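Chain letters run A, B, ... following the sequence lines, proteins first and then strands; every chain starts at 1. On a predicted model such as this, the values are computed, not experimentally measured, just so you know.
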Amino acid sequence: MSTGMPPAGTGVPAEPQPRRTQLGPLAQVVEVLDSLPGGGLILTTVESALNWGRASSLWPLTFGLACCAIEMMAAFASRFDLDRIGVIPRATPRQADLMIVAGRCSIKMAPIVRRLWEQMPEPRYVISMGSCATCGGPFFYDNYSILKGVDQVVPVDVYVPGCPPRPEALIEGILKLQERIKKEPFLRRQALAALDGRAGAR
Amino acid sequence: MPLRTEELLLNMGPQHPSTHGVLRLVVTLDGENITDVRPDIGYLHSSVEKMMEHRTYVQNVALTDRGMDYLIALNNEAAYCLAVEALAGVEVPERGRYLRVIFQELNRIASHLVWLGTWGIDLGATTLFLWCFRERERELDLFEQVTGGRLHHVYFRIGGVYADVPDGWAGACRDFLEYFLPHIDEYHQLLTQNPIFEARTRGVGVIGRREAVAMGASGPVARASGIAYDVRKAVPYEVYDRLGFDVPVQASGDCFARYLVRLEEMRQSVRIIRQALKDLPAGEFRARVPVAMKPPRGEVYVRTESPRGTLGMYVVSDGGESPYRVKIRAPSFSNLYALTEIMRGWKIADIIAILGSIDIVLSDVDR
Ligand code: SF4
C-alpha cells in the first residue's frame, strides 16, 4: 500500500491497487435482469431502496484537524444534532464511509489522511470542510507547511466553503452528498467493476 | 521457566479520538504500565510565525485567530494587540479595554466548556458533552451579535475593538450569565461526586509543585499544583487590576484538581464579566491608528493569561510595515511537555485522562 504523498499539483491521485471485489454473483444477477423485459425497473427499484438506506446512515470518521473540527463537533452536539439525519461519528476508519476533512492539513499529516482514506471500506466519500481543506484558505500564501487543498491526496466529493463553515453549512454539505448518493447507479457500477476486476465504486 | 516478556511500543494518534487533534504519542509499555511517553508533534504546524512576517501589523490580527490556539481566538488577538500597542505606544480608550476584558472572559468560558465536554467524552460521560455545548451555543450567539463570528472573530483591533456592542447586548449578556451560573453547579453534581469519575481522575497524573515550576507549566495546570500564579494578578493588563476576582488554587496536582480549578475559573470569569458590564464606561472604543502603521524599531514581550496558561507574544519591529519577527510562547506546548514527563508509571488507560486534563490544543502546540 503506497502511503507516500504524491508530488504537489498532480491532481487526484491514482486509485489504489486493483483488488477483486466479491461481487461476482451480483454481476450475474445484473446481467440476467438486463436481459429480461422490465428487468431494469427491478434493478433500479432495488437500487433506490439500497441507496436510500446508504444515504440515511452516513457514518463519518471522527477526524478533526484544526479549527473547523470544533464547528464539526458543534454540529454533532445539542443544537444541530447531526444524529437525526443518521450521521453518527465512528472512531475508526474501518467502520466509516464518510471522511469529513475538517481543517488545515499539513504536509506532515497528508500521508496519514491518505492512509485513513485507504483504510475506509468502499463505497466511501470525502467532504472537505473549510477553506483550508479545500484550497489552503488563509494559509495559502507565504506558507511552507500547509497542503494547498486536501484534494491533492484524497478525492473530494463535496466542498463546504467557509472559515470555519457554520454547522448549518456542514449540514447542507451532508444533505448534498445524500442527494448524490440517492441518485448513484450503485449496483450497476459495483457489478461492472466486479466484471472488470477493478476496484468498485469509490 | 520464567515467562519471557518484552516492551511494547504503541503509537497513539495522530488520528485518535481522544488526542484532541493531531498529536502522536509514542508510548512504551511494560504490560499495562507506561515506561516512556514521547510526544511527536508538528502534525498541525501552520508556519504562522513566518506568515506574520509577510503581513502588515493590522492584517496579522486575523492570523492570530486561526494560526494559534483556535478555541480562544479573542485571547490570542488580545495578546497580539497588546504587544503591538506596547511597541507603537498606542493608548487604548477605557471602553475598548473593558470590552476586551468582557470578551476575553467570555472566550475563557467557551474554551473551558469545550474542554469539559470533550474530556467528558474521553472519560465516558457523553452527557457532559451535550450539556456543555448547549451552554456554549448560547454564548456563541452573544459573540455572533457583536463580532459576526462564532469561532474566529477578528474583533480586536490595534487600539481597541472593531465595533461597539449593539443596543441591548449587555442585557443579553447578563441574562446569559444568570442562566449559566446554575449550570456550573450542575456539572459539579454530575461529576464531582461521581465515583467512576473520581476513580479515573483523583490521584491520577500527579504533578508536584516543584516539577510544575521546573517544566514550565502554567495556567490551570500550575494552579492545580499549588502555584498561585495568574498573569492577570501578577502583571495586570487591560483593566484586570480594577476588577475583583480570586485565583483558584488546588494543592493535590492531580487530574481532579485541574478539573476543580477550571470549574472555579469559569465562576470567576462570570464574576469579572459582571463587574466589567457594570463599570463599562461610555465614550470611544478605539484609538485612531493608521492602517499602514509602522511601529518604531524595537522589541517587546507581552504576557497574558490565556485559558491554557501564560501566553507570551514577542514582537520585533525593524520600523517597517510588517513585524520583523513574531515568537509565540504557547502555553499548551510547555504543559504538554510537563505532563508527558510525569505520565511514566501510570496505566495506559490513564493516558486519556491525563492528556485530557492538560487541555492541549494542537494548533497551540505546533503553531
Ligand atoms: S478554514 Fe478557517 S476555520 Fe477551518 S481550519 Fe482553516 S483556518 Fe481554521
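- Per-residue counts of heavy-atom pairs under 4.5 Å with chain B were compared for G64(A), A69(A), S78(A); the largest is that of S78(A).
- Counting non-hydrogen atoms of other residues, nucleotides and ligands closer than 6.0 Å to CD of E172(A) gives a total of 12 or fewer.
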>> With side-chain contact (heavy atoms from CB on, under 4.5 Å) as the criterion, how do C67(A) and H152(B) come out once you've worked through the C-alpha distance, each side chain's angles and the decisive distance to 0.1 Å?
In response: CA-CA 9 Å; C67(A) 354; H152(B) 294 328; 3.3 Å; yes

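- Only the side chain of L116(A) comes within contact range of chain B, with heavy atoms under 4.5 Å apart.
- With rounding to the nearest 0.5 angstrom, the CZ atom of F129(B) is 8.5 Å from the CZ atom of F76(A).
- Considering all non-hydrogen atoms of both residues, Y70(B) and L65(A) come closest at OH-O, 4.4 Å.
- Looking at A66(A), both its backbone and its side chain come within 4.5 Å of chain B, counting heavy atoms on both sides.
- Counting non-hydrogen atoms of neighbouring residues, nucleotides and ligands closer than 6.0 angstrom, the CZ atom of R325(B) exceeds 12 such neighbours.
- With rounding to the nearest 0.5 angstrom, the OG atom of S106(A) is 8.0 Å from the CG atom of D366(B).
- Looking at every heavy atom in both residues, L63(B) comes nearest to F139(A) through CD2-CE2, 4.5 Å.
- Both the backbone and the side chain of C163(A) come within contact range of chain B, judged by heavy atoms closer than 4.5 Å.
- Between M73(A) and T118(B), the closest side-chain pair of non-hydrogen atoms falls below 4.5 Å.
- Ranked by heavy-atom pairs shorter than 4.5 Å toward chain B, the options D81(A), L61(A), T92(A), N143(A) are led by N143(A).
- Residue R150(B) comes nearest to P167(A) through the heavy atom pair NH2-CG, 3.5 Å, listed as atom of the first residue, atom of the second, then distance.
- The interface of residues 47-59 of chain B with chain A, defined by heavy-atom distances below 4.5 Å, comprises S47(B), K50(B), M51(B), H54(B), R55(B).
- Under a cut-off of 6.0 angstrom, the local environment of CZ in R84(A) is crowded, with over 12 non-hydrogen atoms contributed by other residues, nucleotides or ligands.
- Within the 4.5 angstrom heavy-atom criterion, atoms from both the backbone and the side chain of Y141(A) approach chain B.
- Crowding of F333(B) atom CZ: a count of heavy atoms from other residues, nucleotides or ligands under 6.0 Å not exceeding 12.
- No part of P89(A) comes within reach of chain B, as not one of its non-hydrogen atoms sits under 4.5 angstrom from that chain.
- Comparing M109(A), R104(A), E71(A) by how many heavy-atom pairs each has under 4.5 Å with chain B, the most go to R104(A).
- Both the backbone and the side chain of R134(B) come within contact range of chain A, with heavy atoms under 4.5 Å apart.
- A salt bridge is defined here as a Lys NZ or Arg NE, NH1 or NH2 lying under 4.0 Å from an Asp or Glu carboxylate O, and R79(A) with D141(B) meets this definition.
- Shortest non-hydrogen contact noted between G42(B) and K108(A) is O-CD, 3.6 Å.
- Within 6.0 Å of OH in Y179(B) there are more than 12 heavy atoms belonging to other residues, nucleotides or ligands.
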